[in-house]
Undergrad: 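Let me give you the structure first, and then I'll get to my questions.
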Amino acid sequence: TKTYSTIARLVGEAGDLKLMHSLLQQMQKEGCPVTPYFFADIMMAYGHLGKVKEAYLVFKEMKNAGLSPNQFVNNCLISILIKNGYLEGAKKVLNMMRSDDECPPDRVTYNMLIDKCGKSGNIVKAQQYCVEMRQRGLWPNEKSYCSLFGSLNKKGKIEKACQLFDAIKRKHKLVNRVTYTELIKGLGRAGETEKALEVFKKMEDSGCVMDVVVYNIMLDILVKRHLVSEAWKLFVSMQGKQFFPTVVTYNILISGFCMAKRVDEALRWYESMKQDGINPDCHTHSILVGGLCKGGQIDAAYKFLMEKQSACILKDNASRGNEGECVEREMVMSVAVHNVMLNAFVKAGRLETACTHLKVMEENGCTPDVFSYSIIVHGLGNAGKAKEASAMYKNMKESGIQPNLVTFNTMIDILGKAGMIFEVHEIVEEMKSLGLKPD
RNA sequence: GCAUCAGCUAUAU
């Protein structure tokens, strides 16, 4: 069974359902017990590729094979649905579980839903799930509370968040390092740098086990307040405590130098991270492109971007087996980096260049996303070209890209200002049909 | 069952 599961994972990643079928048949022929975990592995593989439909087909396939889903498999399905933005689907699975005495929801089930509702701003719903799990005799744990706490933080309700923090600390004693980290982050976002530092120091002094994430968050707060030299001190001291910088740490510092308009230093740090053996990622590149642009060096930014773009065709040594096989794969510069560039062109009034670059992206195998189009649409609208903006908007939809709330707001603004009231109504109707509420 | 659940960095209104 283990052998087959291992193979099944690979089959799942390759997206070959047929092969999976024959594997399954072979297993049954050989009298090899097929477990739900076998199916779950395949489902998760699909899920990570964003192939929700395929994952669901595997789920159904499992039922057809006469296996009823257990809590684990249902949770996997919920996780896949949630990660890919199908909250409604996840709720349906929950409903099935609620009415299934053999397979009721467990703490993981609720934790996932609490977290997702919190992240999408529905705190009330998140709390309802929390109540419901208690009614079922399931006790919320650190993760449940941290999700709830985080949702308040996200909404900027720092006072309520602090109250909740105190409550869960006093009543349930269910706070850990992650909860403290979340608290620091919330305080930082609320502009309470001093308090954030205070909690951070308390954490350090009380002998609480730290990790690099806590340091990264503290660094980010400092850097966003333009306290670059404070950040530098922390960067040094963390290493003295054996917490070594990751790519995120470097990205934060580099963005700090960019925000402080010290782009040269940012570029030097970019070099030194590579020397430290840490690979820059798409965040690094978009931070640098943005930094160069904001420093008025648009053309340098473009040059940098195109250089990285052509360096992107490289060997991907993600060795999956022990055979040392290297998969040659074409890597593409992340859309987000191009989007930063597009935005810079638009903001500099170089609309033509931006539109040209949109095509360059596609030629380089980098598919524009909803951000790319929104940037261009907004640029056109700002230039008083409402008709062209509309055309670009249509273009986007024809490329199979769903508009989101920001896109709709942008369009409403453009059309409204151009006096195209009828078209505004069309947009509003479109929003409704997608289940989006105007904000 | 070491598998499903919480915290860090970039782009649009």
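Worth knowing before you read on, the calculation uses all heavy atoms, side chains too, and leaves out hydrogens, waters and symmetry mates. So you know, we letter chains A, B, ... as the sequences are listed, proteins then strands, and number each from 1.
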Undergrad: To the side chain of A:Asp211, which of B:A12, B:A10, B:G7 is closest?
TA: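 Minimum distance to the A:Asp211 side chain belongs to B:G7.
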Undergrad: Can you identify which nucleotide, out of B:U4, B:A10, B:U9, has its nearest atom closest to the A:Lys83 side chain?
TA: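 Within the option list, the nearest is B:U4.
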Undergrad: Using modelled atom types and a 3.5 Å cut-off, is there a donor and acceptor pairing between side-chain atoms of A:Lys155 and backbone atoms of A:Gly121?
TA: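 Between the backbone of A:Gly121 and the side chain of A:Lys155 there is a qualifying donor-acceptor contact (under 3.5 Å).
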Undergrad: How would you label the contact of A:Lys116 with the nucleic acid (heavy atoms, under 4.0 Å): base, sugar-phosphate, or nothing?
TA: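 If one applies the 4.0 Å heavy-atom cut-off, A:Lys116 turns out to touch nothing in the nucleic acid.
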Undergrad: Can you tell me which nucleotide in B:G7, B:A6, B:U4 comes closest to the side chain of A:Phe72?
TA: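 Given the options B:G7, B:A6, B:U4, the side chain of A:Phe72 is closest to B:U4.
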Undergrad: Please tell me whether A:Tyr373 and A:Tyr393 form a close aromatic pair, meaning their ring centres lie under 6.0 Å apart.
TA: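 No.
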Undergrad: If the cut-off is 4.0 Å, is A:Lys294 near the phosphate of B:A10, judged by side-chain N/O to OP1 or OP2?
TA: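 So the side-chain polar atoms of A:Lys294 never come under 4.0 Å of the phosphate oxygens OP1 or OP2 of B:A10.
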Undergrad: At under 4.0 Å, does any side-chain N or O of A:Lys185 touch on OP1 or OP2 of B:G7?
TA: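 No.
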Undergrad: Let's test your reading of the model: under 3.5 Å, does the base of B:A6 pair with the side chain of A:Asn141 as donor and acceptor?
TA: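 Absent.
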Undergrad: Could you state the OH-C1' distance from A:Tyr110 to B:A6, rounded to the nearest angstrom?
TA: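 That distance rounds to 18 Å.
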Undergrad: Taking the minimum atom-to-atom distance to the side chain of A:Ile287, which one of B:A12, B:C5, B:A10 wins?
TA: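 Output: B:A10.
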Undergrad: Looking at the side chain of A:Asn176, which of B:A6, B:A12, B:U4 is the nearest nucleotide?
TA: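 Nearest to the side-chain atoms of A:Asn176, counting from C-beta on, is B:A6.
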Undergrad: Can you tell me the distance, in whole Å, between the CE atom of A:Met62 and the C1' atom of B:A3?
TA: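 Atom CE in A:Met62 sits about 15 Å away from atom C1' in B:A3.
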Undergrad: CD of A:Glu142 versus P of B:A6: gap in Å, rounded?
TA: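 Roughly 14 Å, once rounded to whole Å.
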Undergrad: Compare the minimum distances between each of B:U13, B:G7, B:U11 and the side chain of A:Thr410, then state the nucleotide with the smallest one.
TA: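 The answer is B:U13.
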Undergrad: So if I take every side-chain heavy atom of A:Arg177 and compare against B:C5, B:A12, B:G7, which nucleotide ends up nearest?
TA: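 So the nucleotide nearest the side chain must be B:G7.
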Undergrad: A:Phe371 CZ to B:A12 P: how many Å, rounded?
TA: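 Value for this atom pair: 8 Å.
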Undergrad: What's the closest nucleotide to the A:Asn216 side chain, out of B:C8, B:G7, B:U11?
TA: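 Side chain of A:Asn216 sits closest to B:C8.
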Undergrad: Does A:His338 use its side chain to pair, donor to acceptor, with the backbone of A:Ser334 at less than 3.5 Å?
TA: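 No; judged by distance alone, with no hydrogens or angles, the pair does not exist.
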Undergrad: Would you mind telling me which of B:A12, B:U4, B:G1 lies closest to the side-chain atoms of A:Thr35?
TA: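 That would be B:G1.
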Undergrad: Between the side-chain atoms of A:Ser147 and the base atoms of B:A6, is any donor-acceptor pair under 3.5 Å?
TA: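 No such pair is found, so the answer is no.
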Undergrad: With a 6.0 Å cut-off on ring centres, are A:Phe39 and A:Phe59 close enough?
TA: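 When the ring centroids of A:Phe39 and A:Phe59 are compared, they turn out to be at least 6.0 Å apart.
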Undergrad: Do A:Asn404 and B:A12 share a donor-acceptor pair, side chain to base, under 3.5 Å?
TA: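 It does, because a donor-acceptor pair links the side chain of A:Asn404 to the base of B:A12 below 3.5 Å.
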Undergrad: Over how many whole Å does the gap from A:Ile401 atom CD1 to B:U11 atom C1' extend?
TA: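 After rounding, the reported distance stands at 14 Å.
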Undergrad: Can you tell me if A:Asn343 uses its side chain to pair, donor with acceptor, with the backbone of A:Asn339 under 3.5 Å?
TA: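 Not at all, since once roles are kept as given, no pair shorter than 3.5 Å links the two residues.
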Undergrad: With respect to the side chain of A:Lys119, which nucleotide from B:U11, B:G7, B:U13 is positioned closest?
TA: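 So the nucleotide nearest the side chain must be B:G7.
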Undergrad: Can you tell which of A:Phe235, A:Phe200, A:Phe244 makes a ring pair (Phe, Tyr, Trp, His ring centres under 6.0 Å) with A:Tyr215?
TA: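 Answer after filtering A:Phe235, A:Phe200, A:Phe244: A:Phe200.
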